[in-house]
Amino acid sequence: MVADTLRHRILSGQLADGSTLPKQEELIEEFGVSKPSMREAFRILETEGLITVQRGNVGGAIVHAPQASNTAYMLSLVLQSREVSLHDVGAAIKHIEPVCAALCAARDDRMTTVVPRLTELHEAAIACPADDELKMTQYARLFHEELVAGCGNETMIQLVGALETLWSAHQQEWAQRVSAQGEFPDEQVRANSLAKHQEILDLIIAGDADAVERAARHHLEGSIFYAVSGGGAMGINAAALR
């Protein structure tokens, strides 16, 4: 009961992120429970990542509002425990992300909520020097993440966004590896990728949800191939997000 009540206060914002919970003695008096019961309530909330109990002379418990970034990390732990391959994750993104792109195109307010940010990221990718492969990869992934972030459906944003964050971390590792080995895809591959991003952006501007879904899926079939080539059977590594 105590954990449920304190959890509600944290999730509703009554207890702000970074604030300190009242002293245990005050909470024991408020709820009319024993000290062991209060310690158990704190243990539950700490396990959930909603508080950090500071022991010693300082004492107290610091509140942590749930963060979307933590969702990706927890997902990566689950996938790693099940020995899921990068190829499996890429296949999921190939099916789900195009739906988010279609939702972006279907938004009546897309010209103010979606298009400006996609345009900014696309232009930044175009402006990247040819030898700055890591920065180019970063902007390309941010473009894909924004297709999800701008879709307008909060459930999709959180769930698919976690998957995109996980994929981006592993793709950045891939980019660092192949760049160091001198095996980064050639200029034509980069040009094709940028052309596809432009096509996706143009179709979103036009509001053509069906066409942008097809274009996004076709683009992902190629881009995911490069990210998993030579390492598609490798499993998820949660440490990539740390």
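Numbers here simply count residues along the sequence, with the first being 1.
- V189 and F143 are members of different hydrophobic clusters when ILVMFWY side chains are connected at heavy-atom separations under 4.5 Å.
- A donor-acceptor contact shorter than 3.5 Å is absent between the side chain of S168 and the backbone of T165.
- At distances below 3.5 Å, at least one donor-acceptor pair connects side-chain atoms of E46 with backbone N or O atoms of V53.
- In this view, H219 and H144, H197 satisfy the ring-ring contact (aromatic ring centres under 6.0 Å, His included) rule, not counting sequence neighbours.
- Heavy atoms only, all atoms of each residue included: A61 and I51 are closest at CB-CD1, 4.1 Å.
- Atom CD in E173 sits 13.0 Å away from atom OG1 in T137 (nearest 0.5 Å).
- Panel note: side chain R7, backbone E48; no donor-acceptor pair is recorded below 3.5 Å.
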_Evaluation steps, side chain to side chain contact (heavy atoms under 4.5 Å, CB included), between E30 and L27_ = CA-CA 5 Å; E30 175 186 350; L27 292 171; 3.7 Å; yes
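- When all heavy atoms of A72 and A162 are compared, the pair lying nearest together is CB-O, 3.5 Å.
- Salt bridge status for E199 with K196: present, with a side-chain N to carboxylate O gap under 4.0 Å.
- Side-chain contact check for V2 versus F42: every heavy-atom pair is 4.5 Å or farther apart.
- Heavy atoms of other residues, nucleotides or ligands lying less than 6.0 angstrom from CG of D109 number more than 12.
- No continuous path of hydrophobic side-chain contacts links V99 to L147 [ILVMFWY only; heavy atoms under 4.5 Å].
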Check the pair E146 / R110 against salt bridge (Lys or Arg N to Asp or Glu O under 4.0 Å), numbers first and verdict last. CA-CA 12 Å; E146 191 61 30; R110 63 188 178 280; over 6 Å; no
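- For the pair L163 and A92, the tightest heavy-atom approach, listed with the atom from each and the gap, is CD2-CB, 4.0 Å.
- Using modelled atom types, no side-chain atom of E154 and backbone atom of G152 make a donor-acceptor pair closer than 3.5 Å.
- Contacts of N192 classified as side chain to side chain donor-acceptor pair (under 3.5 Å), with partners at least two apart in sequence or in another chain: Q188.
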Which atom pairs, donor and acceptor, lie under 3.5 Å between side-chain atoms of residues 31-41 and protein residues at least two apart or in another chain?
residue : atom : partner : partner atom : Å
S34     : OG   : S37     : N            : 3.3
S34     : OG   : S37     : OG           : 3.1
E40     : OE1  : R43     : NE           : 3.1
E40     : OE2  : R43     : NE           : 3.2
E40     : OE2  : R43     : NH2          : 2.7

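- Contact check for E164 versus R141: side-chain heavy atoms found under the 4.5 Å cut-off.
- Note on K94 versus E213: no salt bridge recorded, every NZ/NE/NH1/NH2 to OD/OE distance being 4.0 Å or above.
- Taken to the nearest 0.5 Å, the CZ atom of R9 stands 11.5 Å off from the CG atom of L45.
- The distance from the CG atom of L77 to the CE atom of M74 is 5.5 Å, given to the nearest 0.5 Å.
- The pair R217-E97 does not meet the salt-bridge criterion, since no charged nitrogen lies less than 4.0 angstrom from a carboxylate oxygen.
- The environment of CD in Q181 is crowded: more than 12 heavy-atom neighbours from other residues, nucleotides or ligands sit within 6.0 Å.
- Hydrophobic clustering, with ILVMFWY side chains joined whenever heavy atoms are under 4.5 angstrom apart, keeps L220 apart from L194.
- Distance CD/E123 to CG/L201: 9.0 Å, rounded to 0.5 Å.
- Cluster annotation: M111 is connected to V114 through the hydrophobic network of ILVMFWY side chains, with a link wherever side-chain heavy atoms come within less than 4.5 Å.
- In this structure, L159 is not a member of the same hydrophobic cluster as L75, with clusters built from ILVMFWY side-chain heavy atoms closer than 4.5 Å.
- Taking CD from Q198 and CG from L203, the interatomic distance works out to 10.0 Å, rounded to the nearest 0.5 Å.
- Checked by atom type, the side-chain pair T71/Q158 shows no donor-acceptor distance below 3.5 Å.
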Q.
Using side chain to side chain contact (heavy atoms under 4.5 Å, CB included), reason through C104 and V212 one step at a time and then give a plain yes or no.
A. CA-CA 9 Å; C104 287; V212 79; over 6 Å; no
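- Closest approach of I200 to A215, counting heavy atoms only: CG1-CB, 4.3 Å.
- Across all their heavy atoms, L166 and S76 have their closest contact at CD1-CB, 3.6 Å.
- Judged purely by atom type and a 3.5 angstrom limit, N153 uses its side chain to pair as donor or acceptor with the backbone of M156.
- Taking both residues in full, the closest heavy atoms of C128 and Y139 are given as SG-CD1, 3.5 Å, listed atom of the first, atom of the second, then distance.
- Between the OG1 atom in T52 and the CD1 atom in I62 there is a gap of 7.5 Å [rounded to 0.5 Å].
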task: Go through the steps for I236 and D88 under the test side chain to side chain contact (heavy atoms under 4.5 Å, CB included), then give the verdict.
output: CA-CA 10 Å; I236 296 301; D88 190 87; over 6 Å; no
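- Judged purely by distance below 3.5 Å, without hydrogens or angles, the side chains of Q172 and Q176 never pair a donor atom with an acceptor atom.
- Under the 3.5 Å distance criterion, the side-chain polar atoms of S19 are left unmatched by any main-chain donor or acceptor of L15.
- For the pair L118/E120, no side-chain contact is recorded, criterion being any heavy-atom separation below 4.5 Å from C-beta on.
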